[in-house]
Amino acid sequence: MVWLWAAIAASCGGCAQILGADWSSYSHGEGAGGAGGTECSADEATCSHNTPQRCVDGRWEDAPPCPAAAPVCDGGKCTTPPSCVGLAATCGPTGKESCCATRAVPGGSFLRQTDDGTDHPATVSAFLLDRFEVTFGRFRKFVEAYPGSLPAVGAGAHPGIPGSGWGETWSIEDAELPEDATRLSSHLHCDADFDLWTDEPGDHEQLPMLCVSWYLASAFCAWDGGRLPTEAEWYFAAAGGDEQRTFPWSDPADSTEIDEDHAVFDCRGDRAGESRCELSDVQPVGSRSRQGDGRWGHADLAGSLWEWVLDWRGDYPEPCDDCANMEETPVGEEGESQRVIRGGGFQKEELFLRSSHRNSYPPSVRYSHVGVRCARTP
């Protein structure tokens with residue numbers, strides 16, 4: 001099904017329209033073997049919430065969970081995304097988790113809330129979302145393979161949103177991408193004050209990858225077997241779905257408790273208590289886990305880095321059933337089309353970390369406070 005939608009996306013040529021898709025005929029497994037029921041045959045395998053399933057006596061049963069060395073379930077098998085092949089499990093609060101660890105987000109409905117106090121209903125289907133933001137170590141694999149790591153037309157598409165994959169006209173020149181790996185490595189030095197990238201592996205491999213444009217973020221996720229999350233998916237995960245959490249960790253949902261134990265924010269990542277941002281304020285992914293984790297175990301959904309999502313900036317699309325804003329709409333004084341970023345960053349104060357907050361940038365810009373987290377379709 002994913003490849004079918006990718007083909008449709010390629011023929012669409014990056015259609016600019018607000019799209020919502022009916023996924024009633026698209027199965028994520030969920031114990032149904034992708035066939036909409038519980039019956040199965042012995043040669044079938046599937047995934048349910050990132051757990052492999054096998055057919056036993058005509059019915060689906062869970063197999064052992066995917067291990068850290070192969071943390072992603074795909075087609076009933078545990079696999080290792082390209083960015084983590086040969087990469088040691090060094091992420092998370094104990095430094096022993098796979099940097100490619102992923103968590104399942106069940107489908108459901110919630111309200112997208114805006115600053116003017118209005119609510120906009122949305123429904124998303126079940127999906128997978130990386131537990132951590134993409135690290136230097138993972139992105140280094142993409143750089144090593146570049147430009148061969150640039151995706152084919154249609155790759156990285158959301159299976160329910162035609163035109164959401166890599167665009168037919170997104171050449172290196174059009175997307176302002178470097179020509180080769182050497183230039184790409186140089187490209188990643190975007191901020192003299194936060195110049196953390198090194199040409200060879202160093203001390204920063206567990207830091208969240210910064211200085212990536214929307215195009216690079218999209219290309220990385222597609223190359224790694226995933227895609228950018230839609231804004232609705234990202235927001236759903238951060239808000240804890242229908243719990244409508246103020247912050248990803250809020251319990252009760254309306255709690256506004258926040259400090260340095262919950263998030264990397266307000267230039268206090270190094271806990272030094274100084275208001276001026278330093279290199280040390282950029283902290284390893286998962287440094288505030290578990291206290292700062294979201295409902296389904298995702299780290300750094302608030303603070304650390306802003307994260308690119310699929311959508312163009314504009315009004316929330318309605319109705320929203322697995323929707324994304326695929327229409328370029330000029331915004332701001334410059335009248336530029338911008339892609340959405342979510343989650344706040346290490347230099348931003350409390351207001352910007354709220355699950356409801358949204359911001360945006362032109363897709364070709366690179367900043368030291370913007371990174372990426374990939375989604376996957378079960």
Side-chain angles (χ1 to χ4, degrees), residues 6 9-10 12-19 130 133-134 139 142-143 146-147 149-158 161-179 183-184 186-191 197 208-224 226-235 305-317 323-345 352 357-375:
C12 183
C15 307
Q17 51 190 310
I18 296 176
L19 293 164
D130 286 355
E133 293 167 326
V134 174
F139 199 83
F142 175 84
V143 175
Y146 192 86
S149 50
L150 288 176
V153 173
H158 184 295
I161 304 177
S164 60
W166 190 255
E168 185 174 8
T169 62
W170 295 350
S171 65
I172 284 180
E173 180 178 352
D174 292 336
E176 300 183 33
L177 296 173
E179 295 179 2
R183 288 181 174 84
L184 175 55
S186 177
H187 203 68
L188 300 174
H189 300 281
C190 74
D191 186 338
W197 177 257
M209 188 62 212
L210 39 75
C211 290
V212 292
S213 67
W214 182 91
Y215 290 108
L216 280 174
S218 180
F220 172 88
C221 289
W223 167 79
D224 206 41
R227 56 179 174 81
L228 287 179
T230 66
E231 185 174 19
E233 287 175 329
W234 192 100
Y235 190 174
L305 297 182
W306 293 92
E307 300 173 15
W308 291 111
V309 297
L310 173 65
D311 300 52
W312 289 103
R313 180 64 182 260
D315 294 336
Y316 280 135
C323 72
N325 189 347
M326 300 300 293
E327 181 177 356
E328 292 190 48
T329 304
V331 297
E333 294 181 1
E334 301 297 326
E336 296 179 287
S337 297
Q338 300 183 3
R339 297 281 187 172
V340 176
I341 54 174
R342 302 290 305 222
F352 296 87
H357 189 79
R358 63 200 302 240
N359 208 332
S360 60
Y361 282 132
S364 60
V365 302
R366 294 168 289 116
Y367 291 123
S368 59
H369 52 271
V370 181
V372 60
R373 181 192 310 259
C374 301

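Interatomic distance, D174 CG to E168 CD, rounded to the nearest 0.5 Å: 11.5 Å. Atom CZ in R313 sits 4.5 Å away from atom OG in S360 (nearest 0.5 Å). Between R339 atom CZ and Y215 atom OH the span is 6.5 Å, to the nearest 0.5 Å. Here the CG-CG distance, from N325 to L310, works out to 9.0 Å after rounding to the nearest 0.5 Å. Taken to the nearest 0.5 Å, the CZ atom of R183 stands 14.0 Å off from the CG atom of L188. Rounding to the nearest 0.5 Å places CD of E179 at 9.0 Å from CD of E173.
Closest approach of W234 and V309 over heavy atoms only: CB-CG1, 3.8 Å. Taking every heavy atom of both residues into account, M209 and W197 meet most closely at CE-CE3, 3.8 Å. Across all non-hydrogen atoms, the minimal contact from M326 to I161 is CG-CG2, 4.0 Å. Here the shortest heavy-atom pairing between V153 and G167 reads CG2-O, 4.2 Å. For the pair A232 and C323, the tightest heavy-atom approach, listed with the atom from each and the gap, is CB-O, 4.4 Å. Annotation for S213 and R366: closest pair N-CG, 3.6 Å, computed over non-hydrogen atoms.
In this structure, the side-chain contact (heavy atoms from CB on, under 4.5 Å) partners of C374, at least two apart in sequence or on a different chain, are D130, V134, F220, C221.
Side-chain atoms of E307 and R342, non-hydrogen and from C-beta on, never get closer than 4.5 Å to each other. Contact check for W312 versus V331: no side-chain heavy atoms found under the 4.5 Å cut-off. Side chains of H189 and C211 form no contact here, defined as non-hydrogen atoms less than 4.5 Å apart. Looking only at side-chain heavy atoms (C-beta outward), Y316 and R358 come within less than 4.5 Å of each other. Within the 4.5 Å cutoff, side-chain heavy atoms of L184 are placed close to those of L216.
Aromatic ring pairs are classed by plane angle as parallel below 30°, tilted from 30° to 60° and perpendicular above 60°; the pair W166 and W170 is perpendicular. The aromatic rings of Y361 and W308 lie perpendicular to each other, with more than 60° between the two planes, well past the 30° mark. Ring geometry, W306 versus H357: the interplanar angle falls from 30° to 60°, so the pair is classed tilted.
Put simply, the side chain of Y146 gets close to the backbone of P178: a donor and an acceptor are under 3.5 Å apart. Side chain of S149 to backbone of W223: no donor-acceptor contact under 3.5 angstrom is found.
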Begin from the C-alpha positions of F139 and V372 and carry the test side-chain contact (heavy atoms from CB on, under 4.5 Å) through to its verdict. CA-CA 10 Å; F139 199 83; V372 60; 5.7 Å; no
Would you check, one step at a time, whether the test side-chain contact (heavy atoms from CB on, under 4.5 Å) holds for D191 with L210? CA-CA 10 Å; D191 186 338; L210 39 75; over 6 Å; no
